[in-house]
A.B. asks: 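Please find one structure pasted underneath; my questions will follow.
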Amino acid sequence: VQLQACGGGLVQAGGSLRLSCAFSGDTYSSYTMGWFRQAPGKEREFVAQMPWIGGFKKYADFAKGRFTISKDNGKRMVYLQMSSLQPEDTAIYYCAAGPRSTYGVIPDYGHWGQGTLVTVSS
C-alpha cells in the first residue's frame with residue numbers, strides 16, 4: 001500500500017484546509033482509512049477514520065463538528081476537511097490504512113503516508 005498525503009499549509013486561526021490522501025497498491029475495500037496528527041513534542045493521535053466500504057465514520061472528540069472525513073472510491077482518495085482551525089491544531093497530519101475492524105488504534109494501522117504539515121497562526 002502506498003499513501004500520499006498533501007494539502008497542508010499555513011492558515012490563520014478560524015480558517016479552513018482540506019487535506020487529501022491518495023491510496024494505491026492494494027484492494028482498497030479491505031481497509032479503513034484514518035487521519036492522525038502529531039504536534040511538536042507530543043505523541044501521535046487519532047483524528048478520524050472511515051472504511052472504504054460501508055461502516056461508519058469515527059472522530060476524535062476535538063475533531064467533532066469541525067473536521068469531516070470523506071472519500072472518493074473511484075479516485076481512491078480520502079479527504080479531511082478542517083474548519084475553525086486553531087493554533088492547537090498545528091501538527092503534521094498523516095493518513096494511514098488499517099484493517100476494516102480497527103477502532104482507530106494506532107498500532108492497527110500498518111500503512112502510513114509521509115505526512116503533511118498544518119500550521120495555524122493566531
A.B. asks: Apply side chain to side chain contact (heavy atoms under 4.5 Å, CB included) to Leu80 and Val47, showing your working.
C.D. replies: CA-CA 9 Å; Leu80 185 68; Val47 177; 4.1 Å; yes
A.B. asks: For a side chain to side chain contact (heavy atoms under 4.5 Å, CB included) check, start with the C-alpha distance between Ile69 and Tyr59, then their side-chain angles and the critical distance, and finish with the verdict.
C.D. replies: CA-CA 9 Å; Ile69 188 171; Tyr59 294 93; 3.5 Å; yes
A.B. asks: Distance to the ring centre below 6.0 angstrom and angle to the axis at most 45 degrees; does that hold for Arg37 and Phe62?
C.D. replies: yes
A.B. asks: Distance-only, no hydrogens or angles: does the Thr102 side chain make a donor-acceptor pair with backbone N or O of Pro99 under 3.5 Å?
C.D. replies: no
A.B. asks: Search all heavy atoms of Gln38 against all heavy atoms of Lys42 and return the closest pair with its distance.
C.D. replies: NE2-O, 3.1 Å
A.B. asks: Without swapping roles, check the side chain of Ser84 against the backbone of Arg66 for a donor-acceptor pair under 3.5 Å.
C.D. replies: no
A.B. asks: Which pairs would a plain distance check flag for residues 7-21, meaning a side-chain donor or acceptor within less than 3.5 Å of a matching protein atom at least two apart in sequence or in another chain?
C.D. replies:
none

A.B. asks: Arg100 side chain to Thr32 main-chain N or O, any donor-acceptor pair under 3.5 Å?
C.D. replies: no
A.B. asks: I need the minimum non-hydrogen distance between Thr90 and Val120, along with the two atoms involved.
C.D. replies: OG1-N, 2.9 Å
A.B. asks: Using the rule given for side chain to side chain contact (heavy atoms under 4.5 Å, CB included), can you reason through Val118 versus Asp89, listing the C-alpha separation, both sets of side-chain angles and the distance that settles it, and then say yes or no?
C.D. replies: CA-CA 8 Å; Val118 172; Asp89 295 313; 5.6 Å; no
A.B. asks: Would a line drawn from the ring center of Phe46 to the ring center of Trp35 be shorter than 6.0 Å?
C.D. replies: no
A.B. asks: Can you tell me how the ring of Tyr94 sits relative to the ring of Trp112, calling it parallel under 30°, perpendicular over 60° and tilted otherwise?
C.D. replies: perpendicular
A.B. asks: Is there a donor-acceptor pair closer than 3.5 Å between any side-chain N or O of Lys71 and the backbone N or O of Trp52?
C.D. replies: yes
A.B. asks: Run Leu85 and Phe67 through side chain to side chain contact (heavy atoms under 4.5 Å, CB included) and show every step you take.
C.D. replies: CA-CA 9 Å; Leu85 285 164; Phe67 295 2; 3.9 Å; yes
A.B. asks: Testing the basics here: between Ile106 and Arg44, what is the closest heavy-atom pair and its distance to 0.1 Å?
C.D. replies: CD1-O, 3.2 Å
A.B. asks: Quick check for you: to the nearest 0.5 Å, what is the distance between His111 atom NE2 and Met33 atom CE?
C.D. replies: 10.0 Å
A.B. asks: Show the nearest heavy-atom pair for residues Gln114 and Leu3, with the distance to one decimal.
C.D. replies: OE1-O, 3.8 Å
A.B. asks: Does the side chain of Gln49 pick up a donor-acceptor pair with the side chain of Tyr109 at under 3.5 Å?
C.D. replies: yes
A.B. asks: Measuring from Arg76:CZ to Asp72:CG, what's the distance to the nearest 0.5 Å?
C.D. replies: 9.5 Å
A.B. asks: Going only through I, L, V, M, F, W and Y residues with side-chain contacts under 4.5 Å, is there a path from Val78 to Ile92?
C.D. replies: no
A.B. asks: Side-chain atoms of residues 22-31: list all donor-acceptor pairs with protein atoms under 3.5 Å, sequence neighbours left out, distances to 0.1 Å.
C.D. replies:
| residue | atom | partner | partner atom | Å |
| --- | --- | --- | --- | --- |
| Asp26 | OD2 | Tyr31 | OH | 2.6 |

A.B. asks: What is the distance from atom CD of Gln86 to atom OG of Ser122, rounded to the nearest 0.5 Å?
C.D. replies: 9.5 Å
